[in-house]
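Okay, structure first, notes after.
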Amino acid sequence: MTQLVRDQFADLIKEGLKAAQERGELPKFELPTIVIESSRQPEHGDYASPICLRLAQEARMSPREIATRVAAHLPPAPFVGQVEIAGPGYINLTLATSWLASQVERILEAGDSFGQLDLGRGRSVQVEFVSANPTGPITIASTRNAVIGDTLANILTAAGFQVEREYYVNDAGSQVRKFGESLYARYLQALGQDAPFPKDGYQGEYVTDMGQEIAQQEGRRYIEMERADAVRALGREGIARVITWVRRDLLALGVEFDTWFHEKHLHESGLFDRALQMLRDRGYITEREDAVWFTSPDLDADAVLIRSPQVIPEPDERPTYLASDVAYVWNKLVERGFDRAIYIWGADHHGDVPRLKAVARALGLDPERAVIILYQMVNLKRGEQDVRMSKRAGEFVTLRELLDEVGADPIRFMLLTCTVDSTLDFDLDLAIEQSDKNPVYYVQYAHARIASMLRYATDLEWDAEAPGDVSLLTHKSELALIRKMLELEEVIATSATQLAPHHLTFYAKELATAFHAFYRDCRVVDAEQAALTQARLMLVRAAKTALARVLRLMGMTTPDRM
RNA sequence: GCCCCCGUAGCUCAAUUGGACAGAGCGUCGGACUUCGAAUCCGCAGGUUGCGCGUUCGAAUCGCGCCGGGGGCGCCA
């Protein structure tokens, strides 16, 4: 498992500080966290630490003076090329070129696992995402959810966490009944009956289609039941069918879940009753007029309703949404024992965050273990034109349609191009366009180009797999490419720490750029220079490894031809 | 009324969570293919980081107050 150079450099500085203190060259003080940043400008080397700027006050010395004394005591390390004191008192590190070149071998040895870190130290984390109502097709918003969740799961896995992907099937709410009623009406209509369609029912065409399909496949089976039984049975049946679509479409997007967790289970298993009792025992429950309320000092509101006499749920239904959350968070963090449970919610649910946190605390759990990621909405566009969607009228662009029109790779890349905190404009025209305006292909092109080069070399009877002398890799563009490849490890680390998947797209573009620059400057296959050719073929293969890794982290394909 | 997110180059977005001179892509204009993929590369131009105070060695980033856009606010999920 690799330790990041950044962290190793921090350790060196810490050693340098301690050594200087021991020799009395610096006054004694508590060592703060050593901040290491990547230099923005090449003149500042690869890494820079502003730590001496911060220490100046406490040490009552100029930052530059401190930096000089620290630098004098830095222990040696293979990656250290040059250390300089610069500006107001930064300690700048330039990596050793020989060490950089040697990293090519490390990358090739690591292969597909290049970038694997151990930040998680095996701790378990569940990522629960999408979890859209199983009463209709997946929409663009849920698609963003899917891409964020799945990519985050990939990142966390790469960072060394045990990750489980979960889809929470909301099959215990009143929406299920409403869906059953809508489907029942369509079913009757399909059989030629003049059935009234429920107010606020599901108007989408898919309900009509499904009603016809069921009428065709199952004939008069439901018409012969009691209405209430038929509605319930059709609700179940409809949900089962919708889940089949959802599973299929998400799979086509490259998203696969470990667990499909049914909300009903929380109630049927009696967990909700037990969780409610725990809250009661701990004094978080008040009852007035037969209604059950959750109260907590962590809440803005006085109380949140858990169960009401106005709503009498069926045995497998939930009393309120919060009721399920109570049981579910206990299930995640205690029964199944995940160290962390990550929830990915649309920002329209932000009001529920404090409630879930309050519930977790009330159950005696550390609320920090429940992490909620809120993402903003998606605006669908065609060029300048807004694509209007209305879920109520059943008009919306579904994941299925997006897959047919755009394809999985552009969907995934586009939905990762900005932070989850920003509303995202998804331009269908741009996503489809196979041109240089579309950044999706920029990255994949670099990968395909490498594959093509390796084919070319092989055709000329070079052994592309043969070991070479990496110390020949000294060109500025070669070293820049290696630096960029190594950055993948840091990108994984920061993305995992910040739970921010968008960094991958930016990194992927930069990596492709670094490769194209190398390609421009350095001829790889050259009969006149056999040794250099072998060394560069190694570099090219390493670049392919890194590109493939970041593409897979984003859930994209790695084409050898385009 | 209260809560959340956003406001950065003409457009779409970054900025390693407080660090050095705020960076990319697209768009504009100009340039590069008889040699490994031109879906590429190179160059030019483009900024009071919405506005105003404050915190400190240092602010796009933190705090307060405004302005503008989006979303939410008890039995929908």
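Chain naming here is simple, since letters A, B, ... match the order of the sequence lines and numbering starts at 1 in each. Since the structure is predicted, the reported quantities are computational estimates derived from the model, not experimental observations.
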Contact class for [X] (heavy atom, under 4.0 Å): base, sugar-phosphate, or nothing?
{"X": "A/D526", "result": "nothing"}
{"X": "A/R520", "result": "sugar-phosphate"}
{"X": "A/D325", "result": "nothing"}
{"X": "A/N92", "result": "base"}
{"X": "A/R307", "result": "nothing"}
{"X": "A/H516", "result": "sugar-phosphate"}
{"X": "A/G351", "result": "nothing"}

What's the verdict on side-chain hydrogen bond (donor to acceptor under 3.5 Å, both in side chains) for A/Y202 and A/T135, showing C-alpha distance, side-chain angles and the deciding distance? CA-CA 8 Å; A/Y202 285 84; A/T135 52; 3.2 Å; yes
Distance-only donor-acceptor test, A/T320 side-chain atoms vs B/C75 base atoms, 3.5 Å: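 Not at all, since no donor on one side and acceptor on the other fall under 3.5 Å apart.
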On the side chain of A/H350, is there an atom forming a donor-acceptor pair with the base of B/C3 - under 3.5 Å, no angle test?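 Looking at the base of B/C3, it does pair with a donor or acceptor on the side chain of A/H350 (distance under 3.5 Å).
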OP1, OP2 of [N] versus side-chain N and O of [X]: anything below 4.0 Å?
{"X": "A/R40", "N": "B/A20", "answer": "yes"}
{"X": "A/Y456", "N": "B/U35", "answer": "no"}
{"X": "A/S452", "N": "B/G37", "answer": "yes"}
{"X": "A/H502", "N": "B/A15", "answer": "yes"}
{"X": "A/T494", "N": "B/U17", "answer": "no"}
{"X": "A/Q57", "N": "B/C57", "answer": "yes"}
{"X": "A/Y375", "N": "B/C6", "answer": "no"}
{"X": "A/S174", "N": "B/A77", "answer": "yes"}
{"X": "A/R355", "N": "B/G74", "answer": "no"}

Less than 6.0 angstrom from the centroid, inside 45 degrees of the normal: does A/R355 satisfy that with respect to the ring of A/F294?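 Not satisfied by the 6.0 Å and 45° rule.
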So, is the end of the A/K509 side chain (NZ or CZ) under 6.0 Å from the ring centre of A/Y507 and within 45° of the ring's axis?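 No.
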State the syn/anti category of B/U40 according to its glycosidic angle, syn meaning within 90° of 0.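 Here B/U40 takes the anti form, which means its glycosidic angle is more than 90° from 0.
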Can you give me the closest heavy-atom contact between A/P501 and A/I148, atom names plus distance?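 Nearest heavy atoms, A/P501 then A/I148: CG-CG2, 4.2 Å.
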Between [N] and [M], how many Å separate the two [atom1] atoms, rounded to a whole number?
{"N": "B/U40", "M": "B/U48", "atom1": "C1'", "result": "37 Å"}
{"N": "B/A14", "M": "B/C6", "atom1": "C1'", "result": "15 Å"}
{"N": "B/G50", "M": "B/C42", "atom1": "P", "result": "30 Å"}
{"N": "B/U8", "M": "B/C3", "atom1": "P", "result": "24 Å"}
{"N": "B/G27", "M": "B/G46", "atom1": "C1'", "result": "11 Å"}
{"N": "B/C73", "M": "B/U28", "atom1": "P", "result": "43 Å"}
{"N": "B/G18", "M": "B/U61", "atom1": "P", "result": "11 Å"}
{"N": "B/G63", "M": "B/G23", "atom1": "P", "result": "25 Å"}

Run A/Y343 and A/Y168 through ring-ring contact (aromatic ring centres under 6.0 Å, His included) and show every step you take. CA-CA 10 Å; A/Y343 295 74; A/Y168 178 56; 8.6 Å; no
If we require ring centres under 5.5 Å and near-parallel planes under 30°, does A/Y90 stack on B/A20?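 One would call A/Y90 stacked on the B/A20 base.
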B/G72 base stacked by A/H349? Criteria: ring centres under 5.5 Å, plane angle under 30°.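 Answer is no, no stack.
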Report the residue (A/C522 or A/D425) whose heavy-atom-nearest nucleotide on RNA chain B is the more 5′ of the two.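 Residue closer to the 5' terminus by nearest nucleotide: A/D425.
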5'-most by nearest nucleotide on RNA chain B - A/R523 or A/I36: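 Checking each residue's closest nucleotide, the 5'-ward one belongs to A/I36.
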Decide if the gap between the ring center of A/H516 and the ring center of A/Y442 is smaller than 6.0 angstrom.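 Centroid separation for A/H516 and A/Y442: below 6.0 Å.
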Taking NZ, NE, NH1 and NH2 as the nitrogens, is one of them in A/K357 or A/E368 under 4.0 Å from a carboxylate oxygen of the other?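 No, no charged N to carboxylate O under 4.0 Å.
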